[in-house]
**Student:** 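Let me begin by handing over the structure; questions about it come next.
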Amino acid sequence: MDAAPHAAQPTPARRRLRALMRFGIAGVAVTIGLLGVFRVPRWVEPFADPIELKILDWHAQLRGPIRPPPNITVVAIDESSLERIGHWPWPRTRTAELIDRLSAAGARVIALDLLLYEPDQNSSLTLAQSLTRRYRALGLDRAGGSAGQFARTLEEALAAADPDRALTEAMTATRRVVLPYVFVFPPVQAPPLDDDARRRLNRSSVVGLAEEEAREAVEPLRAAGVLLPLPQFHAAAAGAGHVNVIPDPDGALRRFALVIQLGDAYFPSLMLETARLGQRLPRSRVRLTVDQHVQVGARLIPTDQNGFMHLTYYGPSGTFPRIPAADVLTGSSPPPVDGHMVLVGFTALGLMDVRPTPFDADMPGVESHATALANLLEGRSLRRHSSMRLLEAVGVLMLALVSPLVLPRLGAVWGTVVALALGGMTAGLGHAAFRLWGTWVELLPPLVALAVAHVGSVTYQVLTEQRERRWIKRAFQQYVPTEVVEAIAQDPTALVFGGDRRTLTVLFSDIRGFTTYSERHAAEDVVAVLQEYLSEMVEIVFRHGGTLDKFMGDAVMAIFGAPLADPDHAFHACRAAVEMNDRLAELNAQWQAAGREPLAAGVGISTGEMLVGNFGSSQRFSYTVIGDQVNLGSRLEGLTKEYTTRRPIIISEGTYAQVRGRVTARPLGSVTVKGKLQAVEIYELEALTPPSGEGQP
């Protein structure tokens with residue numbers, strides 16, 4: 001069987017091409033992975049970030065809830081409080097009463113997650129203010145007698161009807177309240193600050209820098225303006241901080257801006273200021289560091305370059321201890337908040353202060369603030385070190401190179417299993433970093449690099465194998481049975497290239513006197529007869545599992561036992577020879593009936609050790625057998641012309657040894673054939689059924 005060498009066995013050039021293709025696949029995977037690690041170009045972010053954030057949520061969900069600090073309590077303006085106290089907004093006298101009761105119960109800090117930048121309005125206050133303005137316009141407040149007395153009574157009523165005054169007095173009395181303010185960003189503009197408002201705002205600024213270089217290391221968000229609490233509230237509060245939240249693109253809240261810049265100053269978040277006051281720290285103990293940390297006392301809180309702290313959520317809504325505001329206002333005993341940092345805010349869903357988190361689709365904002373405060377106190381916020389980029393890049397390189405360069409050696413199935421195992425191990429290491437050390441390692445770049453490398457490698461491998469299978473089918477379908485072609489195509493390793501020493505059987509068949517026959521008949525008739533004869537003979541060879549080695553004019557050479565192993569190859573060759581002889585007799589009868597001349601053919605069969613494989617030059621080779629037993633088979637076919645036999649089939653002693661007891665064979669003695677020095681025993685193959693008493697096949 002002749003075939004082009006490059007299709008069956010990789011040449012050095014083809015091997016180099018395959019190596020280059022694998023390195024090319026690895027290079028593409030590395031490039032894609034590194035683009036994900038370093039977010040270059042910027043268009044990578046909209047595709048990579050949402051998936052990476054979902055993986056981060058998966059880490060939190062897989063880890064499950066953890067116990068929050070015991071000294072943080074949420075006083076909730078919830079549905080039950082709204083039913084018992086009334087619809088929001090409540091009079092600020094209620095807020096003042098909350099502060100009084102919490103302060104009396106020993107609350108260490110009271111953070112009001114309530115915006116107080118507009119005066120409270122109610123009908124009593126409006127009436128008292130209107131009457132007071134009228135009496136002042138008439139000058140009755142300076143009159144004596146009953147008119148003056150009435151003016152003083154009206155002033156007292158005005159004071160009693162002013163809930164903002166009550167709230168101011170409550171905050172002044174306790175000096176434990178922290179108030180929020182809100183920064184606005186371009187293009188929105190806030191009213192300009194007067195000198196008094198600027199002084200009050202600067203009271204909460206972050207004044208500490210661990211190093212002067214820290215000013216360049218952190219680039220906080222720059223605000224265009226600020227909405228401050230009412231002056232009397234701001235002056236009475238112990239501290240203030242911003243409550244701006246910057247959700248991720250999917251709307252979820254996973255980070256908090258610890259500082260925001262306005263002008264040349266940095267201003268803390270409400271929770272950063274609460275943590276400072278809760279630990280009794282002066283403002284100078286809150287500092288920015290050059291390595292992108294916010295230092296709160298002795299604790300360093302990692303941030304990104306924009307001053308954002310990545311949150312570690314403790315669990316779903318309700319994880320932090322929660323007391324309904326109505327219970328604080330109406331309870332007969334003090335609320336259990338002694339020494340606690342208390343956050344007062346909304347949990348009623350109807351008030352719309354909710355954000356998605358890894359655990360909840362609608363967590364109240366006050367609980368997200370509680371999470372930020374707990375992270376600050378425990379130092380539990382997620383760490384996103386700059387060194388993680390280098391680690392992720394190393395992971396990308398390793399996974400992108402292993403998949404196309406190593407895994408193909410394992411095959412498509414086991415390579416895929418190992419690739420999945422590597423992906424699982426990578427995800428496991430990332431989760432371990434999250435769970436054990438609170439470190440966020442981005443998994444998408446190395447996993448994508450692994451997937452691209454493996455899918456590209458497997459695709460190339462499959463395409464190569466399909467091309468080889470197509471070649472194998474084309475090369476063998478004319479020489480071996482269809483089922484053998486399919487088996488070889490499924491397992492090309494069944495073909496041994498370069499020669500393999502095996503015990504096989506070779507069959508030679510030749511038409512006697514075909515040269516003389518050709519001279520007596522027209523070429524067209526010769527071709528037609530030969531085509532019909534060879535087609536029938538090859539079909540019989542195929543039917544018994546043989547492989548057509550070659551045609552030699554009118555002669556046929558067939559191999560039994562290769563390329564696919566057949567332990568019964570000798571008997572199958574004998575059975576094919578008998579059927580070939582019988583079929584030729586049938587063809588002769590047909591030809592004679594049609595007025596054609598009959599043909600005679602002899603068959604020689606030899607079994608023994610021979611080399612099988614691809615032999616030839618680098619330009620052309622043949623899949624064939626070579627060896628002494630092959631030569632013997634050819635000589636035995638020639639001897640059929642010299643012996644008078646019932647069937648013109650002669651087999652060697654090696655073949656007879658393999659089929660003894662399964663055929664009827666007549667010894668013909670020993671002969672010395674051309675090319676051999678020693679005589680060999682030969683046999684005439686008479687039939688497949690052994691004589692009586694020799695045993696059945």
Side-chain angles (χ1 to χ4, degrees), residues 33-53 55-56 59 183 185-186 205-224 241-250 252-273 275 286-296 299-312 368 371-372 375-376 379-396 430 433-434 437-445:
L34 293 181
L35 286 177
V37 170
F38 297 105
R39 299 295 194 269
V40 178
R42 302 293 292 180
W43 56 260
V44 172
E45 294 181 5
F47 298 96
D49 287 353
I51 300 175
E52 198 65 66
L53 292 174
I55 295 175
L56 183 62
H59 283 313
F183 285 111
F185 298 90
S205 65
V206 177
V207 298
L209 293 174
E211 306 90 358
E212 185 58 34
E213 292 81 2
R215 192 177 299 277
E216 305 298 329
V218 180
E219 299 178 3
L221 298 178
R222 285 182 172 270
H242 75 81
V243 287
N244 294 83
V245 294
I246 312 295
D248 288 318
D250 60 356
L253 187 60
R254 300 182 182 90
R255 55 183 184 155
F256 261 81
L258 290 186
V259 292
I260 289 180
Q261 187 171 357
L262 180 65
D264 294 330
Y266 303 122
F267 297 92
S269 68
L270 181 68
M271 291 302 100
L272 180 57
E273 185 71 353
V286 176
R287 304 191 300 172
L288 304 180
T289 69
V290 72
D291 57 347
Q292 296 180 356
H293 286 75
V294 173
Q295 184 176 2
V296 184
R299 194 177 295 282
L300 289 172
I301 309 300
T303 69
D304 62 18
Q305 65 179 9
N306 299 122
F308 281 88
M309 174 182 69
H310 294 277
L311 296 176
T312 295
S368 294
T371 300
N375 285 185
L376 288 166
R380 195 186 280 274
S381 62
L382 281 178
R383 293 165 174 82
R384 185 73 180 102
H385 298 297
S386 57
S387 59
M388 288 297 103
R389 299 288 187 193
L390 178 60
L391 179 62
E392 291 158 10
V394 171
V396 164
F434 175 90
W437 303 291
T439 299
W440 179 14
V441 179
E442 291 190 354
L443 295 179
L444 188 61

**Student:** Decide yes or no on side-chain contact (heavy atoms from CB on, under 4.5 Å) for Val218 and Tyr266, but give the supporting numbers first.
**Tutor:** CA-CA 10 Å; Val218 180; Tyr266 303 122; 6.0 Å; no
**Student:** Is Glu52 reaching over with its side chain to a backbone N or O of Leu444, donor-acceptor style, under 3.5 angstrom?
**Tutor:** yes
**Student:** Can you tell me how far CZ of Arg383 sits from CD1 of Ile301, rounded to the nearest 0.5 angstrom?
**Tutor:** 8.0 Å
**Student:** Checking Glu273 side chain against Ala275 main chain: does a donor-acceptor pair fall under 3.5 Å?
**Tutor:** no
**Student:** Flag the pair Arg254 / Leu311 as yes when at least one side-chain heavy-atom distance between them is below 4.5 Å, and no otherwise.
**Tutor:** no
**Student:** Would Leu382 and Leu56 satisfy side-chain contact (heavy atoms from CB on, under 4.5 Å), going step by step from the backbone distance to the final call?
**Tutor:** CA-CA 10 Å; Leu382 281 178; Leu56 183 62; 3.7 Å; yes
**Student:** Keeping the roles fixed (side chain from Glu392, backbone from Glu442), state whether a donor-acceptor pair exists under 3.5 Å.
**Tutor:** yes
**Student:** Measuring from Gln305:CD to Glu219:CD, what's the distance to the nearest 0.5 Å?
**Tutor:** 5.5 Å
**Student:** Please name the pair of heavy atoms, one in Ala223 and one in Leu262, separated by the smallest distance, quoted to 0.1 Å.
**Tutor:** O-CD1, 3.4 Å
**Student:** Can you confirm whether Met309 sits close enough to Leu272 that some side-chain heavy atom of one is under 4.5 Å from a side-chain heavy atom of the other?
**Tutor:** no
**Student:** So, does Asp304 use its side chain to make a donor-acceptor pair with the main chain of Asn306 at under 3.5 Å?
**Tutor:** yes
**Student:** What's the verdict on side-chain contact (heavy atoms from CB on, under 4.5 Å) for Phe256 and Leu270, showing C-alpha distance, side-chain angles and the deciding distance?
**Tutor:** CA-CA 10 Å; Phe256 261 81; Leu270 181 68; over 6 Å; no
**Student:** If you measure from CD1 on Ile260 to CG on Leu221, what distance do you get to the nearest 0.5 Å?
**Tutor:** 5.5 Å
**Student:** Give me the atom names and distance for the closest heavy-atom approach of Pro247 to Arg255.
**Tutor:** O-NH2, 4.5 Å
**Student:** Measuring from atom CG of Leu376 to atom CZ of Arg299, what distance do you get when rounded to the nearest 0.5 angstrom?
**Tutor:** 9.5 Å
**Student:** Which distance, rounded to the nearest 0.5 Å, do you find between the NE2 of His310 and the OG1 of Thr439?
**Tutor:** 12.0 Å
**Student:** Students often mix this up, so state it plainly: with edges at 30° and 60°, are the rings of Phe183 and His242 parallel, tilted or perpendicular?
**Tutor:** tilted
**Student:** So, taking the atom named NE2 in His59 and the one named CZ in Phe434, what distance separates them when rounded to the nearest 0.5 Å?
**Tutor:** 7.0 Å
**Student:** Measure across Ala257 and Ser269 and return the closest heavy-atom pair with its distance rounded to 0.1 Å.
**Tutor:** O-CB, 3.5 Å
**Student:** Check whether Asp248 reaches the backbone of Asp250 with its side chain - one donor and one acceptor, N or O, closer than 3.5 Å.
**Tutor:** no
